[in-house]
Structure formats: C-alpha cells, structure tokens
Amino acid sequence: MTDSRPNIVLIVADDMGFSDIGCFGGEIETPNLDGLAYRGVRLTSFTNNAVCMSTRASLLTGLWAQQAGSGPGFNLRPDNNVTIAEVLKGAGYQTFLSGKWHNGNAPDEAPWARGFERYYGLLSGSSNYFNPGLPRPGEPPPAHKRDGDMRPWGRDGEILHPFTPEDPDFYATDAFTDAAVGYLDACRNDDRPFFLYLAYTAPHFPIQARPEDIAKYRGRYMAGWDEMRRRRFERLRDMGIADDAWRLSDRDGLVPEWDACAAKDELDLRMAVYAAMVDRMDQGIGRVLAKLRETGREDNTLVMFLSDNGGCGERINRTPHVAPGPVDSYCTVGASWANASNTPFRRYKVFTHEGGIATPLVACWPAGIPRPGRIERDTGHLIDLLPTILDAAGAGYPAEFGGRSVLPCEGQSLLSALRGDTRAEREKALFWDFRGCRAVRKGRWKIVTEGHPRLHINIPLPFATGAWELYDLETDRCETNDLSDRHPDIVRDLEALWLDWNTRCGRA
Ligand SMILES: [Ca+2]
C-alpha cells in the first residue's frame, strides 16, 4: 500500500530580516520563495527566539529553549525533550538534515544522535562560506571570526574539523542545497515519506557571496537605507501585510541619515553582498523545489520557510583592508542595513522588539493547503512547528521517548490556520528572554524590555532603560507608541506571567 502521508521540508534562513524576501516586501529577487508564497500561504505574525541557538532548540522540540536547551549554548541533550526528527523517524519517516545545527556536537547531542539519518553541514553557528578550514594553495587564506577559529562541520556521524573543502568552487549555501537535492534523489524510489530540515546559514555574517551574484545588486542600494525602508513599508502595505494603522518605526538610534554618509559606494557593496547571499539561497530553494517536482512529490509535500531571527546589527570588521565578499573578507552588513532589513520593525537580532523576533513564514502544500496566495495573521511561534508538522504527518507527540519522559509540548498546531479554516485561538502567552531582552505577548498586548546595555554583543546600546514598554500589536506592531504609563495594570499582569514562566523553566 502506498504511504499517503505528506513529505515535510522545513527551510530556515539565518539572520534574515522580516522584509528581505520579495513576498514580504523586499527588493531582493527571490522568485522561488515568492512562487511558494503565491502557491501557499504567508503567516505575517509568526515569531522566533531572537537568536540562532535558542530558535533551533524550540523549533526542533516544540518546547521553550529555556526548557529544552542545556547551558548557554542551548545544547539539545536527550533528557526532557524529543525532536521532530526523532518522532517522525519513529513514525516511519526518513529524516535528513542539511545545513546548520548549532545545538551541540557532543556524542549524544549531534544531529545523528537526535533523529537525523543523514546529515551534512555546519555543526556550530557560522563559518567562512568559501572555505571553513585551512588555507588552500593558490588563494588568499580564509578569514575567520578569530585567528585560527575554524568551525566544525559534520557528515553522517563524523565530525570534520578542520573542514577544508577540496572543491575550489565550494560555497556553503550551494553545498547545503547539493546535499539536500542529493537526499531527495537518493530516496526517489522509496515509498516512505521524508522529513528534510534544510538550515541555510545565509545571510548570517561573514557577508561573502559569489561575484556574479554580487554584480547583480551592485549600485542598487545607492538610494540608501532611508529610501529602502520607505519603499519596503509601502510594499508591505500594498500587499496587506502591514496594517493601515501601523506607523513605520523611526530610523534606529544607531543609524545615521543616509544623505549624511560618506563612502556610499562601500556601503552599497555591503548590502549588495548581503542581497546576493539571500538571492543564492533562493536559487538553491528553486533547485530543491525542482527536484520535488521532478520526482513527483511536489503536490504532497508541505514546504515551510522562515528566518531564525531578525537582521543582525552587530558591528564586526576583521578585515578592513579587504572589500566585503571574497574568502579573505570577514565583516557584518552593519546595523544601518539591518535596520532596513527589519522594516517596518524596531531593533535587531538578540532584541525582543519585533525587529528581533518577527519572521516571514511561508507554507505551501498543494494537496493540503487550499486557496493559495492567502495572508493569515494568526500569532505563531517556533514552539508551534513541531505540533503543526506532527499534525500534518498524523503522528502523535509522545509522553516518553527512548526510555526518558519528555515535557508536554508548549505549542499548538497551526494547520487549520494555514488552511484558513479557523483563527488559531491562543490561550497561553508567548515568552522571550535572551540576555536581559525579555518580552511577553498575550492577545493584542506585548510588554518588552531590552535589559542592561552591557549585555549586548558588539552592539552599543546607549538608549536601553531596563523598563518594560507596553504595545498594542494589533494597531501598533511597529512598537512606536509605548502605553506602559497608561496601562500599568496590564504591564503588571504580563510581568507576573513572565515571572511564573521563568520559574516554570527552572531559571528563577
Ligand atoms: Ca541566526
């Protein structure tokens, strides 16, 4: 008997802003993601955990990262949690991961110990795109975050460290796509459904891209970030993603006015490299979708796409003498462009204002999600991905797994919301906490604080007050009108929820 359960493809971008891709108002060319959105549905109020590791811990387990992750790195130890891959593998799915892991590489934490039958990719947070390892003959030495800081990669149970690719044309984004396409090819005659987790590192720093992709965008950003924010907000409104009541947030306090900037050509190059990274990822997604089509699986595959956190405002330039792009450059795109990547929201990765935690979410499943091209506003969070995927696959969430008892899932299935059947009723609040940046969302209300300035990595923060701000996200998702003075009772109630949650996660 043929297995009629859907295949699942979960694609994650890294440090990509809310409005970078075309179907979320961006000017970067992403025809494959746009096509996915027009054949599927966009969820405009989906949220993540503001940083790489904690996002991945929640995404894989349906738990708060503060429950599931061990230590400051949110490593996924097999104690109180179970991953999507473990559950689906137990239900008869094939399980593949290509790309970034970042949840620990001890023997019991690595992807091959957490349910993935096949794995290829970067085990840690970020690495050089052209060469994560040792210098190769005939090319400049690869730049790393710190001297000699070569990050571990892995393949099917083996840790590759250092990982020095033999292929002179190696580029990480393409390598992840190649592995994913290879898995789909290898299982083309296998009747069992599959779960593919494709975790790109693009466009996380270092900003590095292929010259032909950079050339496509060179000069397009000379109009500057102020104009880019204005145009993106206009498109978000035209698309119906931004509500008419929202007011575009002001330019971030860290960002100068574009017209007052010198060295515009160098700034244009930075954003061109970043755009090229997103473009190349989209090209890769196009190859994966083409493989699904070619193998007759497009119709019954649920494809989901999201970003793990908002655009990154960190200021790093390890190689000021090298223009951004090639193997021997290592820098970030910078806060000014990241502020525009996160249009129309405030702040960046790490922060729990919407610029840090809002993600574009695209879902497409021709056989399972009707009325394509819709936009849905149901509030969602990473903890909902596991129950949504298990719901689609018809698999149950276990109370015990591998002899250990696991915590009850914190999220809820969004499948009916994706189908447009009902609005997702969410009784429980959503919570955030990363190094003092905290938030609670319940219904239309959100409180948020950015803690103490010194707690932030490579981001100067002269404006943090440590106080809770209060916003009505239904009319003001851009967080421009702080209502905490007007409604101190709401602030107190939501703060009490945060304190209870923090205790429940065993952290108080
Ligand atoms: Ca990230």
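First listed ligand is number 1; within each ligand, the first listed atom is number 1. Please read all numbers here as calculations on a predicted model, not as lab measurements.
Only protein N, O or S atoms were considered, and those under 3.0 Å from the Ca ion (ligand 1) are Asp14 OD1, Asp15 OD1, Cys52 SG, Asp308 OD1, Asp308 OD2, Asn309 OD1.
The salt bridge (charged side-chain N to carboxylate O under 4.0 Å, His left out) check on Arg210 picks up Asp169, Asp174, with sequence neighbours excluded. The ring pair (Phe, Tyr, Trp, His ring centres under 6.0 Å) check on Phe46 picks up nothing, with sequence neighbours excluded. Taking the ring pair (Phe, Tyr, Trp, His ring centres under 6.0 Å) definition, one finds that Phe176 meets it with Trp153, sequence neighbours left out.
Side-chain contact check for Thr177 and Tyr200: at least one donor-acceptor pair (N or O, by modelled atom type) lies under 3.5 Å. Between the side chains of Asn81 and Arg114, at least one donor-acceptor pair of N or O atoms lies under 3.5 Å.
When atom types are taken as modelled, the side chain of Arg477 and the backbone of Leu473 share no donor-acceptor pair closer than 3.5 angstrom.
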